[in-house]
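Order of listing sets the numbers, starting from 1, for every ligand and every atom in it. These numbers were taken from a predicted model, which means no experiment stands behind them.
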Amino acid sequence: MHQGAGQLPSLVRILILGGTGEARELAAALVTAGTDVLSSLAGRVRDPRLPEGPVRIGGFGGVDGLVAFLKAEGITAIVDATHPFASGITANAAQAAIAAGVPLLVLRRPEWDADPAWHAVPDIRAAAAAVRDWPGEAVFLTTGRRDLAAFADDDAHSFLVRTVDPPDGPAPGRMTLIMDRGPYTVEGESALMRGRGIGLLVTKNSGGPMTAAKLQAARELGIRVVMVARPALPHGAVAVATVPEAVRWVERQP
Ligand SMILES: NC(=O)c1ccc[n+]([C@@H]2O[C@H](COP(=O)([O-])OP(=O)(O)OC[C@H]3O[C@@H](n4cnc5c(N)ncnc54)[C@H](OP(=O)(O)O)[C@@H]3O)[C@@H](O)[C@H]2O)c1
């Protein structure tokens with residue numbers, strides 16, 4: 001699928017907005033193809049998994065900052081391969097691409113197949129409300145450290161919280177923290193949830209295989225699942241679901 005070095009016109013320069021496994025896979029494929037590519041990370045994670053090829057780290061300074069960056073760097077196309085819940089940068093990229101006249105592709109892995117047993121909620125606040133209404137005790141929270149504030153005033157439940165980096169804002173009072181970032185196995189997730197007496201799992205619909213094991217484990221153990229729906233893509237976004245499709249889109253860039 002990879003294009004050979006020298007086949008793309010030299011004026012193509014791709015910005016990958018990253019922070020996901022797919023972004024790293026895409027960077028690797030484009031570097032192998034000899035494409036001029038620059039990956040961008042937000043700088044939120046202390047020890048990020050770095051993509052192949054050149055990388056810059058840190059925010060751009062909103063839409064205007066990103067537009068200025070695109071021009072200064074001579075970027076000819078953008079692939080937004082950020083996490084499905086990183087809606088701020090996705091919205092900024094959509095606006096900046098229009099303002100700068102640069103084509104934009106969104107690479108979003110598919111959602112997990114909906115399970116009728118899940119309690120689907122539209123956002124993290126609704127997830128916190130669903131937890132408050134739940135009469136059980138032990139909750140497994142895998143929605144990320146920046147979403148902990150929504151659960152901070154819930155003293156009725158105990159929370160097993162798993163994050164990549166330690167929380168630095170409001171968090172539930174009765175919290176046990178595990179720092180890990182997968183991938184996880186069904187056996188490991190089952191042992192963890194059974195061992196901690198978990199009755200309810202709260203997760204965002206991130207999709208992908210890296211963190212899906214908890215869902216099968218929950219199914220097998222009869223643990224309830226509160227599933228937070230993804231934010232919508234910007235209106236008119238051109239999107240693909242896989243890295244090979246994104247590579248083909250890049251290959252078509254003039
Ligand atoms: N949200 C999640 O659950 C999650 C999970 C795993 C990984 N991630 C990754 O972590 C990063 C931050 O996620 P978030 O939810 O905090 O994002 P966000 O709320 O959508 O973005 C907030 C701000 O962070 C900066 N930013 C975000 N992604 C960037 C990137 N790839 N390169 C440069 N600046 C970036 C931008 O700052 P400026 O306005 O200053 O440009 C953006 O306005 C994303 O790149 C995402 O792929 C997020």
Side-chain angles (χ1 to χ4, degrees), residues 14-27 37-51 53-73 75 77-97 99-100 102 104-109 111-112 121-125 127 141-151 161-169 179-184 202-212 214 226-234 237 239 243 246:
I14 308 296
L15 175 66
I16 301 175
L17 299 171
T20 59
E22 291 81 3
R24 289 191 296 276
E25 284 174 39
L26 178 61
V37 62
L38 173 62
S39 291
S40 174
L41 301 179
R44 291 277 158 70
V45 177
R46 274 196 301 199
D47 180 23
R49 291 170 174 152
L50 291 175
V55 181
R56 48 87 54 206
I57 298 181
F60 298 100
V63 175
D64 292 346
L66 182 50
V67 170
F69 181 88
L70 296 173
K71 290 181 177 159
E73 286 286 332
I75 300 297
I78 310 170
V79 179
D80 171 5
T82 57
H83 190 270
F85 282 82
S87 55
I89 187 68
T90 291
N92 286 0
Q95 289 180 50
V102 171
L104 168 71
L105 179 74
V106 181
L107 169 56
R108 278 290 177 285
R109 69 180 82 125
E111 295 185 324
W112 289 313
V121 293
D123 54 34
I124 200 74
R125 283 167 167 273
L141 206 51
T142 64
T143 47
R145 68 186 169 122
R146 290 174 60 232
D147 286 322
L148 288 179
F151 302 87
V161 171
R162 186 167 63 196
T163 59
V164 176
D165 282 328
D168 54 5
M179 285 197 285
D180 203 349
R181 63 175 166 191
Y184 305 104
V202 184
T203 179
K204 300 191 284 197
N205 197 335
S206 299
M210 287 262 293
T211 58
K214 62 192 169 192
V226 172
M227 181 64 68
V228 182
R230 290 181 177 189
L233 286 178
V243 172

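- Only the side chain of Arg56 comes within contact range of ligand 1, with a heavy atom under 4.0 Å; no backbone atom does.
- A cation-pi arrangement, defined by a distance under 6.0 Å to the six-membered ring centre and an angle within 45 degrees of its axis, is absent between Arg181 and Tyr184.
- Under 4.0 Å is where a charged nitrogen must lie from a carboxylate oxygen, and between Arg146 and Asp168 no such pair does.
- Within a 4.0 Å radius of atom 10 (O) of ligand 1, the protein contributes no non-hydrogen atoms.
- Using a 4.0 Å cut-off between heavy atoms, Leu41 contacts ligand 1 through its backbone alone, with no side-chain atom that close.
- Given atom 14 (P) of ligand 1, the protein heavy atom at minimum distance is Arg146 NH1, 3.3 Å.
- Considering only non-hydrogen atoms, atom 7 (C) of ligand 1 lies nearest to Gly19 out of Gly19, Ala81, Gly59.
- Under 4.0 angstrom from ligand 1, the non-hydrogen atoms of Ser87 all belong to its backbone.
- In the model, Thr90 has a side-chain atom that pairs as donor or acceptor with a side-chain atom of Thr82 under 3.5 Å.
- Of all the heavy atoms of Arg44, the ones lying under 4.0 Å from any atom of ligand 1 belong exclusively to the side chain.
- Ligand 1 places these atoms under 4.0 Å from at least one heavy atom of Ser40: 30 (C), 31 (N), 32 (N), 33 (C).
- Atom numbering of ligand 1 starts at 1 in the shown order; those under 4.0 Å from a heavy atom of Gly62 are 38 (P), 39 (O), 40 (O), 41 (O).
- Atoms of ligand 1 lying under 4.0 Å from any heavy atom of Gly18, numbered from 1 in the order shown and given with element: 31 (N), 44 (C), 45 (O), 46 (C), 47 (O).
- From the protein, the heavy atom lying nearest to atom 3 (O) of ligand 1 is Lys204 NZ, 2.8 Å.
- Under a 4.0 Å N-O distance rule, the pair Asp165/Arg46 qualifies as a salt bridge.
- In this structure, atom 6 (C) of ligand 1 lies nearest to the protein heavy atom His83 CD2, 3.4 Å.
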